[in-house]
Chemist: 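Sharing a structure, written as structure tokens. Questions coming.
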Amino acid sequence: MIIETPLPGRMHRGKVRDTYDLGGGRLLMVATDRISAFDVVLPGGIPGKGQVLNRISGFWFDKTSHIVPNHLICLADSPDAGQYLGGLSEPLPAEVATQAMVVRRAQRIDIECIVRGYITGSAWSEYRRQGTVQGMEMPEGLVEGQTFPEPLFTPTTKAEEGHDENMSAQEVVDMVGPDMAAKLEATSKAVYSFAQGYALERGIILADTKMEFGILDDELILIDELLTPDSSRFWDAEGYNPGRSQPNFDKQFVRDWLDAQGWNHEPPAPELPDDVAERTTQRYREAYVRLTGENL
């Protein structure tokens, strides 16, 4: 079943998440079953996806809190969540609570902080055309899926609609200042490096990921989602073999299917067949189980 958010009073509708103001500087953030690819929201959705995204974000927020604080107060189906949900005009349905979290409201920094440990996706496409990744010169002879000598920080704009655009280091500095620009890069790389090592011990290669940050009480914190199959590329370490597309536990399966249809990456997107949606659900769940050691 595809679950949408049946609550009145929605404050914001993103590509995947719906947000509600609970008052007192708190928000309810609901990860829906919607899926986007190439920055376009697809018709339909992926059954059970919202629950996976919600749980896995909560898991990583806890695991990385020693590196940087985050906005999570609690998952909405946790025993203590009731004390924070009084701001809703209606009770939160149980099936929605499993895909929602209560978070602290922060001032969002409008930058997608992307860290790449392996050359794939748009980075591989650019490298094949001109030997660079986001304008940075790369060594000759790299093959698809090969690891970079050091993780790359390749930020983009945060677009509410349409495609995110690459940002140069100077554009980041112009937006947030040199000190914050350096902090965003260092913190993003620290979170990625920690998660990469953790995931690899569990048979998953974290090829790349994107993060969002905000400011709360003059402090930099992680917000939105973290290290999910939507925001990251998860590869099966056992089947890893540079020089080709890697076996994965993320939405690359959806991207590949869309490209096979000849879609030009502009709305409207084709609707996913049931078997593609179901296989994507299985991949997301497998990533969750491997990383957390728990079943949903």
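Since the model is a prediction, treat every value here as computed from it, not as a measurement.
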Chemist: Should the heavy atoms of other residues, nucleotides or ligands under 6.0 Å from CD of Q83 be counted, would the total exceed 12?
Modeler: yes
Chemist: State which residues pass side chain to side chain contact (heavy atoms under 4.5 Å, CB included) with E294; sequence neighbours excluded, sorted by chain then number.
Modeler: Y288, T292
Chemist: So, for T154 and M136, which heavy atoms are closest and what is the spacing to 0.1 Å?
Modeler: CG2-CE, 3.9 Å
Chemist: Which heavy-atom pair separates Y118 from G145 by the least distance, and what is that distance?
Modeler: CD2-O, 3.3 Å
Chemist: Tell me whether D250 contacts the main-chain N or O of F234 through its side chain, where contact means a donor paired with an acceptor under 3.5 Å.
Modeler: yes
Chemist: Just checking, any donor-acceptor pair under 3.5 angstrom between side chains of T19 and R105?
Modeler: no
Chemist: Give, for atom CG of D77 and atom CD of E95, the distance between the pair rounded to the nearest 0.5 Å.
Modeler: 11.5 Å
Chemist: Using every non-hydrogen atom in the two residues, find where A97 and N54 come nearest and quote the distance to one decimal.
Modeler: O-ND2, 4.4 Å
Chemist: Answer whether the closest heavy-atom distance between the side chains of L28 and L92 falls below 4.5 Å.
Modeler: yes
Chemist: Any side-chain heavy atom of L220 within less than 4.5 Å of one from L184?
Modeler: yes
Chemist: Does L222 belong to the same Ile/Leu/Val/Met/Phe/Trp/Tyr cluster as I109, with side-chain heavy atoms less than 4.5 Å apart forming each link?
Modeler: yes
Chemist: Test of understanding: with side chain to side chain contact (heavy atoms under 4.5 Å, CB included), list the residues that count as partners of R26, not counting sequence neighbours.
Modeler: L22, I73, Y84, V102
Chemist: Quick check: is I205 connected to F59 through a chain of hydrophobic side chains (ILVMFWY, heavy atoms under 4.5 Å apart)?
Modeler: yes
Chemist: Quick one: does NZ or CZ of R283 land under 6.0 Å from the six-membered ring centre of F253, within 45 degrees of the ring axis?
Modeler: yes
Chemist: Any side-chain heavy-atom pair from E271 and L42 closer than 4.5 angstrom?
Modeler: no
Chemist: Tell me, with the steps shown, if I114 and T156 meet side-chain contact (heavy atoms from CB on, under 4.5 Å).
Modeler: CA-CA 7 Å; I114 299 171; T156 70; 3.6 Å; yes
Chemist: Between T157 and D164 (side chain of the first, backbone of the second, donor and acceptor by atom type, cut-off under 3.5 Å), is there such a pair?
Modeler: no
Chemist: Going by atom types alone, do S231 and T228 pair a side-chain donor with an acceptor below 3.5 Å?
Modeler: yes
Chemist: Nearest 0.5 Å please: distance from the CZ atom of R285 over to the CZ atom of R55.
Modeler: 11.0 Å
Chemist: Between the side chains of D21 and R10, is the shortest nitrogen-to-carboxylate-oxygen separation below 4.0 Å, so that they form an ion pair?
Modeler: no
Chemist: Any salt bridge linking R108 with D224? Criterion: basic side-chain nitrogen under 4.0 Å from a carboxylate oxygen.
Modeler: no
Chemist: Would S168 and Q170 count as having a side-chain donor-acceptor pair, cut-off 3.5 Å?
Modeler: no
Chemist: Mark yes when over 12 heavy atoms from residues, nucleotides or ligands other than E238 sit less than 6.0 Å from its CD; otherwise mark no.
Modeler: no
Chemist: List the atom of D80, the atom of C74, and the distance in Å for their closest heavy-atom pair.
Modeler: OD1-CB, 4.0 Å
Chemist: What residue among K210, M211, E212 forms side chain to side chain contact (heavy atoms under 4.5 Å, CB included) with L226?
Modeler: M211
Chemist: Grouping I, L, V, M, F, W and Y whenever their side-chain heavy atoms are under 4.5 Å apart, do Y198 and L200 come out in a common cluster?
Modeler: yes
Chemist: Between Q99 (side chain only) and A31 (backbone N and O only), is there a donor and an acceptor less than 3.5 Å apart?
Modeler: yes
Chemist: So if you build clusters from Ile, Leu, Val, Met, Phe, Trp, Tyr with side-chain heavy-atom gaps below 4.5 Å, do V41 and I35 land together?
Modeler: no
Chemist: Could you tell me whether a side-chain N or O of S65 sits under 3.5 Å from a main-chain N or O of D62, the two making a donor and an acceptor?
Modeler: yes
Chemist: What pairs meet the side chain to side chain donor-acceptor pair (under 3.5 Å) rule with one or both residues in residues 254-270, with sequence neighbours excluded?
Modeler: H163-E266, Q252-R255, Q252-D256, D259-H265
Chemist: Output all residues satisfying salt bridge (charged side-chain N to carboxylate O under 4.0 Å, His left out) with K63, sequence neighbours left out; order by chain, then residue number.
Modeler: none
Chemist: When you measure from the side chain of Y240 to the backbone N and O of I204, does any donor-acceptor pair fall under 3.5 Å?
Modeler: no
Chemist: What's the shortest heavy-atom distance between L258 and P270, and which atoms?
Modeler: CD2-CD, 3.7 Å
Chemist: Give, for atom CZ of F153 and atom CZ of R116, the distance between the pair rounded to the nearest 0.5 Å.
Modeler: 11.5 Å
Chemist: With no hydrogens and no angle check, do the side chains of E144 and S245 hold a donor and an acceptor under 3.5 Å apart?
Modeler: no
Chemist: Which residues satisfy the salt bridge (charged side-chain N to carboxylate O under 4.0 Å, His left out) test with D230, sequence neighbours excluded?
Modeler: K49
Chemist: Looking at L227 and S232, what are the two nearest heavy atoms and their distance?
Modeler: CA-OG, 3.4 Å
Chemist: R202 side chain to V289 main-chain N or O, any donor-acceptor pair under 3.5 Å?
Modeler: no
Chemist: May I ask you to decide if V143's main-chain N or O and Q146's side chain share a donor-acceptor pair within less than 3.5 Å?
Modeler: yes
Chemist: Counting C-beta onward and ignoring hydrogens, is there a side-chain heavy-atom pair between V254 and L272 closer than 4.5 Å?
Modeler: yes
Chemist: If you measure from OH on Y20 to CG on L85, what distance do you get to the nearest 0.5 Å?
Modeler: 12.5 Å
Chemist: Answer yes or no: are there more than 12 heavy-atom neighbours, outside D275 itself, under 6.0 Å from its atom CG?
Modeler: yes
Chemist: Let's go through Q196 and T209 carefully: what are the C-alpha distance in whole Å and the side-chain angles of both, what is the deciding distance for side-chain contact (heavy atoms from CB on, under 4.5 Å) to 0.1 Å, and is it a yes or a no?
Modeler: CA-CA 10 Å; Q196 182 189 39; T209 194; over 6 Å; no
Chemist: Tell me whether L72 is reachable from L27 by hopping between hydrophobic residues (I, L, V, M, F, W, Y) whose side-chain heavy atoms are closer than 4.5 Å.
Modeler: yes
Chemist: How long is the straight-line distance from CZ of F213 back to NE2 of H71, given to the nearest 0.5 Å?
Modeler: 11.5 Å
Chemist: Go through the steps for F249 and W235 under the test ring-ring contact (aromatic ring centres under 6.0 Å, His included), then give the verdict.
Modeler: CA-CA 6 Å; F249 301 108; W235 293 343; over 10 Å; no
Chemist: Could you check if a side-chain atom of V115 sits within less than 4.5 angstrom of a side-chain atom of L152, using non-hydrogen atoms only?
Modeler: no
Chemist: Donor-acceptor pair, T32 side chain versus R17 backbone, under 3.5 Å?
Modeler: no
Chemist: Side chain of Q130, backbone of R128: donor and acceptor closer than 3.5 Å?
Modeler: no
Chemist: So, taking the atom named CD in E165 and the one named NZ in K158, what distance separates them when rounded to the nearest 0.5 Å?
Modeler: 14.0 Å
Chemist: Taking the side chain as every heavy atom from C-beta outward, state whether S57 and F61 have any atom pair closer than 4.5 Å.
Modeler: yes
Chemist: How would you list, by chain and number, every residue that makes a salt bridge (charged side-chain N to carboxylate O under 4.0 Å, His left out) with R290, sequence neighbours excluded?
Modeler: D236, E286
Chemist: Report the C-alpha distance between I46 and K251 in whole Å, list the side-chain angles of each, state the deciding distance to 0.1 Å, and finish with yes or no for side-chain contact (heavy atoms from CB on, under 4.5 Å).
Modeler: CA-CA 10 Å; I46 304 297; K251 64 180 179 182; over 6 Å; no
Chemist: Any side-chain heavy-atom pair from R104 and I221 closer than 4.5 angstrom?
Modeler: yes
Chemist: Any side-chain heavy atom of H66 sitting closer than 4.5 Å to one from F194?
Modeler: yes
Chemist: State whether the side chain of T281 and the backbone N or O of P47 hold a donor-acceptor pair below 3.5 Å, judged by distance alone.
Modeler: yes
